[in-house]
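Okay, structure first, notes after.
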Amino acid sequence: EDKVVQSPLSLVVHEGDTVTLNCSYEVTNFRSLLWYKQEKKAPTFLFMLTSSGIEKKSGRLSSILDKKELFSILNITATQTGDSAIYLCAAAYSGAGSYQLTFGKGTKLSVIP
Amino acid sequence: NAGVTQTPKFQVLKTGQSMTLQCAQDMNHEYMSWYRQDPGMGLRLIHYSVGAGITDQGEVPNGYNVSRSTTEDFPLRLLSAAPSQTSVYFCASSWGQTYGYTFGSGTRLTVV
């Protein structure tokens, strides 16, 4: 059975802290690993990772994938209250022309002033 | 460019009623999916489509039907609503394997 496990499930930090969110996966026909940020409504796309060891960065956020150990991490440096959200990890898989995502349960990050 | 548009945003149904959640995208994406999101459960795939006229079941398809008559539209039908279908429903679309999925803003459905 395909599965994606995120840890921790929730996290409370102070502004300025650095956080690391974890995602492990076991997915048949794995294609890529995606990270989303969900505030009040729709998940918004952060990163897609397809190659091991290549870090992707966007401002204070960065992410890396290890395809041998089947995990990814999302780092947020110098956290701000606006980073408070649920961070979702999804493993993309394909087969018979399809392309779908299996999501983890998310990590709820709360950044307090 | 509207992206992925879902209607309605909120809906209350009585047990046994049927309804259709609408989803439309204007990005010419071939891949479209419906998810439900429940507390502590993450996003679970209900049905998906790889193009007009082609649909298939996801992880939790029971009680739902879909059709894809055009590239733009992918409606989700609840056949006979049950309280267990109380959830937030998201529609998403994508170009394909080298792209992420773009999500709509969701429909919050309550079945009483």
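In what follows, chains are A, B, ... by sequence order, proteins preceding strands, each numbered from 1.
The number of heavy-atom neighbours closer than 6.0 Å to CZ of Arg44(B), taken from other residues, nucleotides and ligands shown, is above 12. Heavy atoms from other residues, nucleotides or ligands lying under 6.0 Å from NZ of Lys105(A) number 12 at most.
Contact count against chain A (heavy-atom pairs under 4.5 Å) is highest for Gly96(B) among Gly51(B), Gly96(B), Gly106(B), Ser49(B).
The side-chain heavy atoms of Lys41(A) and Phe90(B), taken from C-beta on, include no pair separated by under 4.5 Å. At a threshold of 4.5 Å between non-hydrogen side-chain atoms, the residues Tyr35(B) and Leu101(A) count as touching. Contact of the Tyr99(A) side chain with the Tyr99(B) side chain is not registered, since no non-hydrogen atoms from C-beta on lie closer than 4.5 Å.
If you measure heavy-atom distances from Ser98(A) to chain B, the contacts under 4.5 Å come from both the backbone and the side chain. With a threshold of 4.5 angstrom between heavy atoms, Thr98(B) approaches chain A through N, CA, C or O but not through any side-chain atom. Within the 4.5 angstrom heavy-atom criterion, no atom of Gln6(A) approaches chain B. When heavy atoms are compared at a cutoff of 4.5 Å, Phe47(A) does not approach chain B at all. Both the backbone and the side chain of Leu43(B) come within contact range of chain A, each with at least one heavy atom under 4.5 Å from a heavy atom of that chain. If you measure heavy-atom distances from Glu59(B) to chain A, you find no contacts under 4.5 Å at all. For Tyr101(B), the parts sitting under 4.5 Å from any heavy atom of chain A are the backbone and the side chain alike.
Within the model, atoms CZ of Phe103(A) and CD of Gln37(B) stand 9.0 Å from one another, a figure rounded to the nearest 0.5 Å. Taking OG of Ser105(B) as the start and NZ of Lys40(A) as the end, the distance is 14.5 Å to the nearest 0.5 Å.
Of all the heavy atoms in Ala42(A) and Gly104(B), the pair that sits closest is CB-O, 2.9 Å.
Taking hydrophobic clusters as Ile, Leu, Val, Met, Phe, Trp and Tyr residues chained together by side-chain heavy-atom distances below 4.5 Å, Leu21(A) shares a cluster with Val4(A). Trp95(B) and Tyr93(A) fall into different hydrophobic clusters, where Ile, Leu, Val, Met, Phe, Trp and Tyr side chains are chained together by heavy-atom contacts under 4.5 Å. Cluster membership for Leu109(A) and Ile73(A), using ILVMFWY side-chain heavy atoms within less than 4.5 angstrom, is not shared. A chain of hydrophobic side-chain contacts below 4.5 Å, direct or via other Ile, Leu, Val, Met, Phe, Trp or Tyr residues, connects Leu65(A) to Met48(A). Both Ile54(B) and Tyr31(B) belong to a common hydrophobic cluster when Ile, Leu, Val, Met, Phe, Trp and Tyr are linked at side-chain heavy-atom distances under 4.5 angstrom.
Looking only at atom types and distance, the side chain of Gln97(B) has no donor-acceptor partner in the side chain of Ser32(A) under 3.5 Å away.
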*asked:* Determine whether Tyr36(A) and Phe103(B) satisfy the following criterion, ring-ring contact (aromatic ring centres under 6.0 Å, His included), listing intermediate values before the conclusion.
replied: CA-CA 10 Å; Tyr36(A) 285 85; Phe103(B) 282 79; 5.4 Å; yes
